[in-house]
Amino acid sequence: MRLVSGFLFTVFLIVALFAYHIYLLTSYDMIEKVGMATSREMVDVQSLSAIYYPELVKQAEKSPDADLVLPGLDVNLGIKARDIRNISKDRIGDVISRAIIKRIYYEGFSSVYKPATLSDSDQNGMNNLTGLADSFVNKDFNQRMLLVFYVSSALVALLAFPFFLFSVGFQKLTGFGVSLIVAGAPGLLLAFIRSRFEAMMQADRLGSGLVQHTLLPFIGSVQSTYLSVLLLGMGLFLVGISGIFISRGKA
């Protein structure tokens with residue numbers, strides 16, 4: 001029972017940590033940060049202003065109290081038409097990008113991108129991409145990850161009791177210590193990945209704002225959590241091992 005409960009405790013602890021960080025990664029705030037950074041690097045945001053700003057101004061003149069809608073994509077920008085006067089032309093690109101990202105997150109990528117002029121092969125490829133995006137970049141997936149985290153955490157708490165009860169003496173500490181070490185080990189890999197990214201940035205081989213201002217801070221936060229679990233596990237394990245040797249010495 002000790003081995004079984006210990007094994008399951010470790011497995012569900014790993015799942016809980018992983019699900020929690022996937023939940024954070026797929027939260028709207030994170031998706032918005034990644035989407036905005038990506039749009040600024042891969043899309044000429046200013047061109048969106050040149051394309052859409054005149055049409056938006058026309059909307060404001062015709063129906064100032066109506067919701068401002070992006071022409072062609074039917075994306076609500078979340079502001080009244082009359083408020084276009086309070087948004088400078090060089091900021092409208094960001095407003096459009098945020099509205100599109102929000103629409104994708106809550107309604108799916110396919111609800112925004114509906115290509116009508118692609119060839120059959122290109123259409124199939126695009127359908128695969130939109131299907132992949134709709135599977136992971138949305139509110140539903142984010143909430144499923146939160147549910148997995150809650151269920152796994154509950155199972156971790158339940159399994160901790162038999163794991164503790166069926167362990168003897170200082171094995172209680174070493175057992176939990178080993179589980180935490182295993183669960184926290186990915187922190188070492190994340191530390192290595194983060195150091196490589198930082199080295200590439202210092203060597204001017206990677207100047208991406210997406211990596212520097214969005215992904216690296218997230219990796220650093222996840223790394224800290226895993227390393228905290230790892231260090232706690234090492235502490236428990238060392239205390240447990242020390243206790244075992246001291247008790248044997250006294251015997």
Aromatic ring proximity Y28/Y105, centre distance under 6.0 Å: yes
| task | Look at atom OH of Y20 and say whether more than 12 heavy atoms of other residues, nucleotides or ligands are closer to it than 6.0 Å. | result | no
D29 meets the salt bridge (charged side-chain N to carboxylate O under 4.0 Å, His left out) criterion, sequence neighbours left out, with none
* Basic-acidic side-chain contact under 4.0 Å: K102, E32 -> no
Any chance CE of M234 has more than 12 other-residue heavy atoms, nucleotides or ligands included, within less than 6.0 Å? no
Decide yes or no for N142 and K139: does some side-chain heavy atom of the first lie under 4.5 Å from some side-chain heavy atom of the second?
-> yes
Any chance the rings of Y226 and H21 have centres within less than 6.0 Å?
yes
*With under 30° as parallel and over 60° as perpendicular, where do the rings of F9 and F163 fit, or are they tilted in between?*
tilted
Fill in: Beyond-backbone contact of L236 with L180, side-chain heavy atoms, under 4.5 angstrom
yes
query: Got more than 12 heavy atoms from elsewhere within 6.0 Å of OH, Y150?
result: no
Residues passing the salt bridge (charged side-chain N to carboxylate O under 4.0 Å, His left out) test with E61, sequence neighbours excluded, are none
Value for CE (M145) from CG (L25), rounded to nearest 0.5 Å, stands at 11.0 Å
| query | Just wondering, do L8 and L155 contact through their side chains at under 4.5 Å, heavy atoms? | reply | no
One thing to verify: whether K80 and D67 come together as a salt bridge, which I'm taking to mean a side-chain N less than 4.0 angstrom from a carboxylate O. yes
Check your understanding: Looking at side-chain heavy atoms only, is the closest gap between V69 and L77 below 4.5 Å?
Key -> no
Exercise for review: Ignoring hydrogens and angles, tell me if any N or O in the side chain of N138 forms a donor-acceptor pair with the backbone of Y106 under 3.5 Å.
Suggested key: no
Task: Test item: L68 and D83 side chains (from C-beta on) under 4.5 Å apart, heavy atoms - done: no
Please confirm whether K172 makes a cation-pi placement over F164, using NZ or CZ under 6.0 Å from the six-membered ring centre and within 45° of the ring normal. yes
